[in-house]
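All remarks here apply to the structure that follows.
Since this is a predicted model, take the numbers as computed values, not measurements.
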Amino acid sequence: MAQVINDSNFSEILNGGKPVMIDFWATWCGPCRAMAPVVDELAAEFEGRVVVAKCDVDEAEEFATQCGIRNIPTFMFFKDGQLVDRLVGANPKSALVEKLNALL
């Protein structure tokens, strides 16, 4: 299961020592809901190697704004606390796997 990231815990998660993928989403976003099962699958497949987190942009507006989120879903990939890549929109699972493998 993907971790929930918000305005109060994002620093802890980003600087936790593991690569991080964050799914920026919202409950009212159809493409976001379509990607949710894929994100949960990735969280299970990469457990222990990559932190897979979800950020509801309506619940964590400050963090989403800080990350420059303009469209959702947006997937951001961090290594050593630094942004290294991003994908915008609903993407095939293979595209996300490719980005996750590049973090390892």
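Centroid-to-centroid, the aromatic rings of Phe75 and Phe24 stay 6.0 Å apart or farther.
Put simply, the side chain of Asn9 never gets that close to the backbone of Ile5: no donor and acceptor are under 3.5 Å apart. With hydrogens and angles disregarded, a donor-acceptor distance shorter than 3.5 Å links the side chain of Asn91 to the backbone of Gly89.
The side chain to side chain contact (heavy atoms under 4.5 Å, CB included) check on Asp80 picks up nothing, with sequence neighbours excluded.
Here Glu62 contributes atom CD and Cys67 contributes atom SG; the two are 10.5 Å apart, rounded to the nearest 0.5 Å. Between the NZ atom in Lys54 and the CE atom in Met35 there is a gap of 9.0 Å [rounded to 0.5 Å]. Taking CD of Glu61 as the start and CG of Asn6 as the end, the distance is 13.0 Å to the nearest 0.5 Å. The CD1 atom of Ile22 sits 11.0 Å away from the OG1 atom of Thr74 when rounded to the nearest 0.5 Å. Here the CZ atom belonging to Phe78 is positioned 8.0 Å from the CZ atom belonging to Arg86, to the nearest 0.5 angstrom. Once rounded to the nearest 0.5 Å, the distance linking SG of Cys55 with CD1 of Ile13 reads 9.5 Å.
Under a hydrophobic clustering in which Ile, Leu, Val, Met, Phe, Trp and Tyr are joined whenever their side-chain heavy atoms come within less than 4.5 Å, directly or via other members, Leu87 and Val20 fall into different clusters. Linking Ile, Leu, Val, Met, Phe, Trp and Tyr residues whenever their side-chain heavy atoms come within less than 4.5 Å leaves Phe10 and Phe77 in two separate clusters. Cluster membership for Val84 and Met21, using ILVMFWY side-chain heavy atoms within less than 4.5 angstrom, is shared.
Residues Ile69 and Met76 have side chains in contact (heavy-atom distance under 4.5 Å, counting atoms from C-beta outward). Under the 4.5 Å side-chain criterion, counting only non-hydrogen atoms from C-beta, Val50 is not in contact with Lys18. Using a 4.5 Å cut-off on side-chain heavy atoms (C-beta onward), Pro73 and Asp23 make contact. Side-chain contact check for Val57 versus Trp25: every heavy-atom pair is 4.5 Å or farther apart.
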Distance-only criterion, 3.5 Å: show the donor-acceptor pairs between side-chain atoms of residues 93-104 and protein atoms not counting sequence neighbours.
from: Lys93; atom 1: NZ; to: Glu41; atom 2: OE1; distance (Å): 2.8
from: Lys93; atom 1: NZ; to: Glu45; atom 2: OE2; distance (Å): 2.6
from: Lys99; atom 1: NZ; to: Asp85; atom 2: OD2; distance (Å): 2.8
from: Asn101; atom 1: ND2; to: Val97; atom 2: O; distance (Å): 3.3

Set out, in order, the CA-CA distance, both residues' side-chain angles and the distance that settles side chain to side chain contact (heavy atoms under 4.5 Å, CB included) for Met1 and Val52, then state yes or no. CA-CA 8 Å; Met1 188 70 137; Val52 176; over 6 Å; no
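Here the closest non-hydrogen pair linking Arg33 and Thr27 is NH1-O, 2.8 Å. Here the closest non-hydrogen pair linking Ile72 and Trp28 is CD1-CH2, 3.7 Å.
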